[in-house]
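Below: the structure, in structure tokens.
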Amino acid sequence: DAGVIQSPRHEVTEMGQEVTLRCKPISGHNSLFWYRQTMMRGLELLIYFNNNVPIDDSGMPEDRFSAKMPNASFSTLKIQPSEPRDSAVYFCASSLALVSQANTEAFFGQGTRLTVV
Amino acid sequence: AQSVTQLGSHVSVSEGALVLLRCNYSSSVPPYLFWYVQYPNQGLQLLLKYTSAATLVKGINGFEAEFKKSETSFHLTKPSAHMSDAAEYFCAVSPLEAGKSTFGDGTTLTVKP
């Protein structure tokens, strides 16, 4: 398997523009996570999907952020409008989580480095 | 509720010296615990995981961790540091049911020649 695939790897955009980050999880995994990593705040969980359904979006910073998972093999994280403080590395991760069984580990993508100028 | 505390945001060791990265957890039920490593400009990758089968867990690259319930700890060790071990290390705790893991703040390991 190719692992979790994120695109683009790098994104530079101007303040106010819409940004869309994309993620293809590992085939067969049923949980998907979006994280944001910054020097100041470390690794933050933004949103978590299970079987394509958003389970916990309490980490989404504000209404400018939205995430979708239209099917088991694709997810997007959108920021509209973007602001300089959104500059960070955004990671997507997937795992196989089964009811009444232990979580397996999360597999991370390479991340998207977003710079908003 | 669950949480993870990594003691020491930066650890520096000499090449060949013992590596000890500390992790304490809080969980209302017996947890599953993980250590991840992140190399520069890379995503996190799994080093090892504790799933209650054995308290001493061996991982990749010569790392191991011991689960100590009485101390609520899951410290990561390696007998002899290598330059290639320089990276950021994250401890994480996960519930038994399907759900999200909670990550610590990370510890940056520097290895001096």
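Below, chains carry the letters A, B, ... as their sequence lines are ordered, and counting in each starts from 1.
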Measuring heavy-atom distances to chain B, does [X] have an atom under 4.5 Å in its side chain, in its backbone, in both, or in neither?
| X | answer |
| --- | --- |
| A:Tyr35 | side chain |
| A:Glu44 | neither |
| A:Leu45 | side chain |
| A:Arg113 | side chain |

Below 3.5 Å, can you tabulate the donor-acceptor pairs from side chains in residues 105-113 of chain B to any protein atom, sequence neighbours excluded?
| from | atom 1 | to | atom 2 | distance (Å) |
| --- | --- | --- | --- | --- |
| B:Thr107 | OG1 | B:Gln6 | NE2 | 3.2 |
| B:Thr107 | OG1 | B:Gly8 | O | 2.8 |

Same apolar cluster (I L V M F W Y, side chains within < 4.5 Å links), [X]/[Y]:
| X | Y | value |
| --- | --- | --- |
| B:Ile60 | B:Leu76 | yes |
| B:Val4 | B:Val37 | yes |
| A:Phe33 | B:Tyr32 | yes |
| A:Val89 | A:Met60 | no |
| A:Leu77 | A:Leu114 | yes |

When you look at [atom1] of [X], are more than 12 heavy atoms from neighbouring residues, nucleotides or ligands closer to it than 6.0 Å?
| X | atom1 | answer |
| --- | --- | --- |
| A:Arg9 | CZ | yes |
| A:Arg64 | CZ | yes |
| A:Asn71 | CG | yes |
| A:Glu62 | CD | yes |

How long is the straight-line distance from CD of A:Glu105 back to CG of B:Leu47, given to the nearest 0.5 Å? 11.5 Å
Part of residues 80-90 of chain B lying next to chain A, heavy-atom separation under 4.5 Å: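 Under the 4.5 Å heavy-atom cut-off, B:Glu88, B:Phe90 qualify.
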Using heavy-atom distances under 4.5 Å, tell me whether B:Leu46 contacts chain A through its side chain, its backbone, both, or neither.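 It is the side chain, since no backbone atom gets that close.
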So for B:Gln45, is it side chain, backbone, both, or neither that comes closer than 4.5 Å to the heavy atoms of chain A?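 Answer is neither: B:Gln45 stays 4.5 Å or more from chain A.
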Side-chain donor or acceptor of B:Tyr36 paired with backbone N/O of A:Ala106 under 3.5 Å: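 Looks like yes, one N/O pair under 3.5 Å.
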If you take all heavy atoms of B:Leu44 and A:Phe108, which pair is closest and at what distance?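 Scanning both residues completely, I find the closest heavy atoms to be O-CB, 3.3 Å.
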Please report the closest heavy-atom contact between B:Gln38 and A:Phe91, naming both atoms and the distance.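 Of all heavy-atom pairs spanning B:Gln38 and A:Phe91, the closest is NE2-CZ, 3.2 Å.
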